[in-house]
There are 2 protein chains.
Amino acid sequence: MPRSKGKKSSAPVTIHDVAERAGVAISSISRVLSGHPDVSERMRIKVQKAADELGYEPDFFAQSLRSGATKTIGFIMRDISNPFFGVIAQCCEQELRKAGYSMLLMNSDGDVATESTNIAQLRRRKIDGLIASLVSEDIPELNSTLEKLNAPVVLLDREVVGLNSSAILANHHQGVEDATVDLISRGHKRIAFISGSTRVYTTRDRLKGFKSAFKKAGIAYPTDLVSLGKFDAEFGESETKRLFTLKDRPTALLSGGIGSTAGAMRGLKKLGLVPGKDLAFVAIDEWPMFDVYGQQFSSVYRDAAMMGREAAAALLEMISGGSPRTIMVETHYIVRESSTGGLKAKKK
Amino acid sequence: MPRSKGKKSSAPVTIHDVAERAGVAISSISRVLSGHPDVSERMRIKVQKAADELGYEPDFFAQSLRSGATKTIGFIMRDISNPFFGVIAQCCEQELRKAGYSMLLMNSDGDVATESTNIAQLRRRKIDGLIASLVSEDIPELNSTLEKLNAPVVLLDREVVGLNSSAILANHHQGVEDATVDLISRGHKRIAFISGSTRVYTTRDRLKGFKSAFKKAGIAYPTDLVSLGKFDAEFGESETKRLFTLKDRPTALLSGGIGSTAGAMRGLKKLGLVPGKDLAFVAIDEWPMFDVYGQQFSSVYRDAAMMGREAAAALLEMISGGSPRTIMVETHYIVRESSTGGLKAKKK
DNA sequence: GCATAAAATAGAAACGTTTCCAGAAACGAT
DNA sequence: ATCGTTTCTGGAAACGTTTCTATTTTATGC
């Protein structure tokens, strides 16, 4: 008689309790509840009844320990408070939940060490899959770290060579190129470009679009106005201030990533420069509500919700044996007020 | 000889492997690694060495199954893509991670049924604690559902009577009252008020501040201009349109919650009404970047980051045996351009 | 009715830990 | 030396499942 007789009603009910109540073996309980085919109708009913009466809920840890599947997906982002990532996370979680998976969320704070600690933690938790927006693509031990996870991986906006993972990539260069072409056609030559680290695809692909627009126009791109470093607001702000106090100051600005854009806007404000008037301005990635704020900001738009859904879909596919694949998400240049200005009434 | 000899190098290394390598019992491994005091220096070194050499990482599920502690915190929000909740989640996760906990994130999508499914899921996963912003406070079975979790709970901006949980409450009424008093003092009487469901503390406390401002001014508050229902943008937009096309249309608007505000702003835009000119406008809760957008929006501000940190702290405290407590977070009325306008050049 | 196959069930061995218990070694005091 | 303590260690029993194997029951074909 291993377990006390209902003394504490709060003691969780286990598979043994159900077996005792139904008068059958615990293996039969397991079989019924997991939908095993070799089960008689009589048994099914008897077990179901006992389980319902006791309000039995299988213990997750015991199940996972035995079966190996944890029904848990790791999700690593630089910073979930970034609304762009927030939308991705939300859509992703919805899809995963529908499929019976739960999401373990971790912020990397943009720090390589934190990220690697997080991955280690997720490995110990035996996650069934990982969705991540990595801090950097060229960490030496990255591939082995991810492979040791022994679980499918979906990367968001990252290209890691030699890794057998799926990827959701945005076609940044197209949108940025369109925007830059437009600015050039309006007469701009001194166009500033601020984005994050070149250690990630995002920045490299945006830069590609920027350069290619200048190439098409047959003019050299302004190397002194390209500032690549970090994605955070501080960097965006200080670089904006630096660039727009240069002797030969830019007439237009493209700022990349939601953090950079926030910083750039603050910087401009402090300099007393108004987008759409004192300079032309295009934000790469939209802040929520970009469409309704008083000031109309142009942008290079991409659909975060779709990226989240696609990431979930790709991961679930791999979990059920599918092969990794790369999904390309388009970006679109959206022209609003702020694309004008900056050219001292040259045309009007 | 229960386990194969290093045939597959990818086979995870268990406590048995370490024991074998160090030539000691598995119980000793466990004792060393969990920092048990009754362990000799010689043993400690020997075990540590073997564990390091093999790169041993304890299996999380086995640990949890045996010890009962999961080092996992559930986190339920209406919608993580809401930047306000995003900031809370981010700060919360940071604090919890520092303490060795991981965060299981679930969106309730503002739906009672989904929320309850999520809680059930978290119960099966035996979480050590829950932080939640509930859909509603008056669900009949809510208390028992949460108590069955058998884990400490911290509620965000919710008051559930008879539940032994901590709560992080924002002092909404103060900020809203200040804002309303200011609007009244500027000459407004027809002030519209849009916020979410009265089934949660948030709305009720805001309404309290709104009413109390009118009481102080000695005038009746405009019951026909108070619209309480949902927190989402659709509601905010349609109600704004309805209220501002009334015969006796309001001259000012307070919109509550980040979603409502988004909707309200869209609605105003579609009506061609400009905040700060055609009406006075105060947002309750700030969107990120409120300080830099071209249009300057007044707001009732509260510190989301602090709420996140406090929530984590309160939960960790309860996990280590502390008692539940209620933390009040102040709100502040921040006056910007949009507080002006709406009064047909009455004063100038 | 009987042999044979198929279906259903029970029992027990995992899964990888922690923790309890008992025994061995070390230590000081007599 | 001997005896009690204390300190340390090994063995084994949990934790709550799933799954393998063996056994019993039922169905099938003659």
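A note on names: the letters A, B, ... follow the listed sequences, proteins ahead of strands, and every chain is numbered from 1.
- Once rounded to the nearest 0.5 Å, the distance linking OH of A:Tyr56 with NE2 of A:His16 reads 9.5 Å.
- No hydrogens or angles considered: a donor-acceptor pair under 3.5 Å links the side chains of A:Glu93 and B:Asn107.
- Note: NE2 (A:His36) to P (C:dA10) measures 14 Å, nearest angstrom.
- Between B:Lys126 and A:Asp59 a salt bridge is recorded (basic side-chain N to carboxylate O distance below 4.0 Å).
- As judged by a 4.0 angstrom heavy-atom cut-off over every strand, A:Phe60 is placed among residues making no nucleic acid contact.
- With salt bridges taken as basic N to acidic carboxylate O contacts below 4.0 Å, none links A:Glu115 and A:Arg78.
- Atom-to-atom, CD1 of A:Ile15 to P of C:dA10 comes out at 12 Å; the value is rounded to the nearest Å.
- A straight line from NZ of A:Lys126 to P of D:dT17 spans 20 Å, rounded to a whole angstrom.
- At whole-Å resolution of the value, CD in B:Glu20 and P in D:dG10 are 14 Å apart.
- Atoms OH and CG, from B:Tyr101 and B:Leu315 in turn, are 8.0 Å apart once rounded to the nearest 0.5 Å.
- Atom-to-atom, CG of A:Asp59 to C1' of C:dC15 comes out at 13 Å; the value is rounded to the nearest Å.
- In this structure, B:Arg125 forms a cation-pi arrangement with A:Phe60, its terminal cationic atom sitting closer than 6.0 Å to the ring centre and no more than 45° off the ring axis.
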Next on the checklist: Test side chain to side chain donor-acceptor pair (under 3.5 Å) on B:Thr114 and B:Asp109; report intermediate values, then the result.
Outcome noted: CA-CA 7 Å; B:Thr114 305; B:Asp109 307 336; 4.8 Å; no
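- An OP1 or OP2 oxygen of C:dG16 is reached within less than 4.0 angstrom by no side-chain nitrogen or oxygen of B:Thr14.
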Show each protein N/O and nucleotides 11-14 of chain C N/O combination with a separation under 3.5 Å, one pair to a line.
{"residue": "C:dG11", "atom": "N7", "partner": "A:Ser27", "partner atom": "OG", "Å": "3.3"}
{"residue": "C:dG11", "atom": "O6", "partner": "A:Ser27", "partner atom": "OG", "Å": "3.3"}
{"residue": "C:dA14", "atom": "N3", "partner": "A:Arg66", "partner atom": "NH1", "Å": "2.6"}

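- Of all the residues in residues 39-47 of chain B, not one reaches under 4.0 Å from DNA chain C with any non-hydrogen atom.
- Residue B:Ser67 places no side-chain N or O under 4.0 Å from the OP1 or OP2 atom of C:dT18.
- If you measure from atom CG of B:Leu65 to atom C1' of C:dC15, you get 9 Å, rounded to the nearest angstrom.
- Between the side chains of A:Arg158 and A:Thr202, at least one donor-acceptor pair of N or O atoms lies under 3.5 Å.
- The CG atom of A:Leu316 lies 5.5 Å from the CG atom of A:Leu96; values are rounded to the nearest 0.5 Å.
- Rounded to whole Å, the distance from NE2 on B:His16 to P on C:dT17 is 8 Å.
- Straight-line distance from the CG atom of B:Asp38 to the P atom of C:dC21: 15 Å, rounded to whole Å.
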